[in-house]
Novice: 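Below you'll find the structure I mean.
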Protein chains: 2
Amino acid sequence: MASQPHDSSRHDNTLAVIRTLREQGPAARVDLGILNGISSATVTSISAELLQQGLIAELPPDTPRPSGRGRPKTLIQLAPEAACVICVKLSINELQLVVGDYSGQMQHSEHHSVATLALTPADLVALLEEKIAEVRSLALASHRRLVGICLAVQGVVASHSGTLIWSPALSFRNAALAPLLTERFGCPVLLENDANCIASVLATQPAYAGYPNLAVIMLGYGIGMSLLIDGVPFLGANGSAAEFGHSKYQPGGAQCACGKRGCVEAYAGDYALYRKAREVLELPAGDSAHPSEAQMQALTQLAMQGNPDAQRIFAEAGRALGYGMANLLALFNPDLVLVTGSGVRGYAAMQEAMQDAIDEALVSELIGPTRIVSCPWDRDMTCLGGIAITLQATDSQRLTES
Amino acid sequence: MASQPHDSSRHDNTLAVIRTLREQGPAARVDLGILNGISSATVTSISAELLQQGLIAELPPDTPRPSGRGRPKTLIQLAPEAACVICVKLSINELQLVVGDYSGQMQHSEHHSVATLALTPADLVALLEEKIAEVRSLALASHRRLVGICLAVQGVVASHSGTLIWSPALSFRNAALAPLLTERFGCPVLLENDANCIASVLATQPAYAGYPNLAVIMLGYGIGMSLLIDGVPFLGANGSAAEFGHSKYQPGGAQCACGKRGCVEAYAGDYALYRKAREVLELPAGDSAHPSEAQMQALTQLAMQGNPDAQRIFAEAGRALGYGMANLLALFNPDLVLVTGSGVRGYAAMQEAMQDAIDEALVSELIGPTRIVSCPWDRDMTCLGGIAITLQATDSQRLTES
DNA sequence: TGGATTTAATTTAGACCCTAAAATAAATAT
DNA sequence: ATATTTATTTTAGGGTCTAAATTAAATCCA
């Protein structure tokens, strides 16, 4: 007459406590209760279990406490050494590897220059295996158990099957990367879109919390997007992120890297801006189909300094972005649109034309209450997001299994 | 030492049982258990409560049973007389009122021709109050308790506040209709987008179930859309449906009813098709800015019969639709797109151009596994959906209160 | 210095809800 | 008539939560 715990409430509450600790840092049991709408008696019970499993630890009480009457709070925090995850970011000509501990903090980070477009599928897998093995030994040296690996890539991914469908960083398509790595390293491997990783981080920041429908647009070589509904990335049929960059501005318009014409990206992606600029401006030489950060900064400088040709190019990009945004607003009607990515460097030069385009495209009733703001770009954010997503996935998995 | 039932599982299970009965009709306790993943002991307990409240009834056992061994199933069903709801559909020049019983069946339906565009806000409210009062007395005559009213309208609605933001059927904007009617009739009044109503019905049909991300496009005078995620309408910041019709095909293009240019609707809405057609074809006279069903059928006939001018017009509309669809696929990546509404009459004449436009706009990786199919149009579907939504809302409310 | 007060964490007692198993019910098969 | 089968109800018990009571650990104040 026993029963399996078909009841999910303990499971949910445990996850909520862990998530709160990871997002907000050390907290007292009372506060964890209030924050998650459960009684502190329950938090006591949950934290006892987690302590016993070594996943959390009590903070020594000598920490500077907010003075006040009453028994002082005993803060609990995630035990960093309880586990670790590795996040690998694959972007054009670069590979970043980051090790994160169980509290979600970055433990180690390294960058490698790689001619990604020249890789074959086998090359890529070999490279990933080699580099991951290296950082894994680092992690294992400090007695941390590797519980998951995350591959964060630009492009279209089928996250459920772990297949990379298409990425601007690679010259091949449809590679089932995750299953191969799972087998090699014996732990779950997630394949995630880079925009989803960043959006997951941004959504937890106080400034952007409280917006149930959030769109994060990533400007860069290409243009990506993530749609978060109540903080969780919306994955369509593909299991991929939304492809804002390939929504249309002008049927039959400019040539896009995807092979089609008229995509927003073909006007506002780095390569598109640089391509146009080279026609009329003196700019640093180099692979202008894949402009470097230095090249893009040179171009952006020109626009900021008032060069009319450069300004015209950014304005046209802003207009394309604005029309894309108009479609996003009409179809998705988000509460907040965040514009970020390395391409925000040129946002100031695009913003006015973008806003004009939105006003030209949509009646105010359809623009609704949506706010559009830009947000500074941090190159480590992708991996931090990947780490957070992976930890959350493995926590959830562990609880459902046991 | 008592506790409020903060636990939601009974609540959820009760709603699930009611929903299953409403969608699938009479069912046995065992099957309700299997269908909803709960034990039949729990179903027994839940159905005992519902029987006691008079919300369900056991079917007399003399119904033709599927022969077989063992104790026969006792089917239970929702008690139609337990409650009723009224759904009012407001569309251009027409008002439909439907009474639905607790099982979700249509009890009564009536149509009224009304020059909706000539109404003032006060006129509209007076008209609604009068007509609703009429059908309410019908319902009350059969001893049914009116538990909710649904207003289903074309256009943009803020469903949380009950404000009609903008509708093509009306010449004014921003009317807080629901609060007024709530006060007048003393029951919850929901304001819903018509596409959401229809989509809610379609999503429960076996043929379209099992698609977690479903887009329903409504062709008609204007073009509406509803996005369902796991069967529930996605409401953005506005609380409104997605406005596919006003996504852009051609910046600076054809004049749209919304006041802007280049919207998909300005090419593929009834008024847009008829406007173009009148330039080159002999067609029935009448208010060609608001073509009647007869006028649209005449135009559609011409295209079906091979008239090249008519065919060209539909092809251009299909192309606009295709580009809009491309953006929908890029941004939302639904599993299934259903095209319906009165405008499906012309779907055959648009389909090829539409498909070509999608292929022209998007690489196959971004089209992904999405299927696009049309679906026959039934003018009562909106109200049936409104009734289902309202019953579900009032059931849920009742349970959370008690 | 020592109670009074305040706040945090834990323990206790009880309610709710679910499930598996047992019991009961109601049919068909032989 | 009895065995078998399937549905429903009853029973017993476990899990989880919460409110209240208790315990713990500090400050306040005389």
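These values consider heavy atoms only, across backbone and side chains, with no hydrogens, waters or symmetry-generated copies. Just so it is clear: chains get the letters A, B, ... in the order the sequence lines come, proteins before strands, and each one is counted from 1.
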Novice: Is any side-chain N of the basic residue among B:Glu49 and B:Arg10 closer than 4.0 Å to the acidic one's carboxylate O?
Specialist: yes
Novice: Starting the side chain at C-beta, find the nucleotide from D:dA25, D:dC28, C:dC18 nearest to B:Thr42.
Specialist: C:dC18
Novice: Hey, does B:Ser45 reach any base, or is it just sugar-phosphate, or nothing, if we go heavy atoms under 4.0 Å?
Specialist: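 Answer is nothing: B:Ser45 stays at 4.0 Å or more from every strand.
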Novice: Look at A:Asn13 and D:dC17 and indicate whether a side-chain polar atom (N or O) is within less than 4.0 Å of OP1 or OP2.
Specialist: yes
Novice: Flag the pair A:Phe234 / A:Phe332 as yes when their ring centroid distance falls below 6.0 Å, and as no otherwise.
Specialist: no
Novice: With the side chain of A:Lys73 defined as its heavy atoms from C-beta on, choose the nearest nucleotide among C:dA9, D:dT18, D:dA7.
Specialist: C:dA9
Novice: OP1 or OP2 of D:dT23 sitting under 4.0 Å from any side-chain N/O of A:Arg71?
Specialist: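 Answer is no, no contact under 4.0 Å.
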Novice: Just compare D:dT16, D:dT18, D:dT8 and give me whichever is closest to any side-chain atom of A:Ala41.
Specialist: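 Closest nucleotide to the A:Ala41 side chain: D:dT18.
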Novice: I'd like to know if the side chain of A:Asp101 and the backbone of A:Cys84 have a donor-acceptor N/O pair within less than 3.5 Å.
Specialist: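 No; judged by distance alone, with no hydrogens or angles, the pair does not exist.
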Novice: Are any of B:Thr74's side-chain N or O atoms less than 4.0 Å away from OP1 or OP2 of D:dT8?
Specialist: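 It does, given that an N or O in the side chain of B:Thr74 lies less than 4.0 Å from OP1 or OP2 of D:dT8.
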Novice: I need the CD-C1' distance between B:Glu49 and D:dT8, as an integer number of Å.
Specialist: 17 Å
Novice: In whole angstrom, give the distance that lies between atom CD1 of B:Ile46 and atom P of C:dT19.
Specialist: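 Rounded to whole Å, this separation is 9 Å.
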Novice: Can you find a side chain N or O atom of A:Ser9 that sits less than 4.0 Å from OP1 or OP2 on D:dT16?
Specialist: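 No.
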Novice: Examine the side chains of A:Thr204 and A:Arg22 and answer whether a donor and an acceptor come within less than 3.5 Å of each other.
Specialist: no
Novice: Grab the NE2-C1' distance between B:His11 and D:dC17 for me, whole Å please.
Specialist: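 Going from B:His11 (NE2) to D:dC17 (C1'), I get 18 Å.
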Novice: Please state whether the phosphate of D:dT9, meaning OP1 or OP2, lies under 4.0 angstrom from any side-chain nitrogen or oxygen of B:Thr44.
Specialist: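 Yes, within the criterion.
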Novice: Indicate, with a heavy-atom threshold strictly under 4.0 Å, whether A:Ala48 touches base, sugar-phosphate, or nothing.
Specialist: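 Result for A:Ala48 = nothing.
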Novice: Starting at atom CG of A:Asp31, determine the distance to atom C1' of C:dA8, rounded to an integer number of angstrom.
Specialist: 10 Å
Novice: Out of C:dT19, D:dT16, D:dT8, which has the shortest distance to the side chain of B:Val30?
Specialist: D:dT8
Novice: Using only atom types and a distance under 3.5 Å, with no angle test, would you say the side chain of B:Asn36 pairs donor to acceptor with the backbone of B:Ile38?
Specialist: no
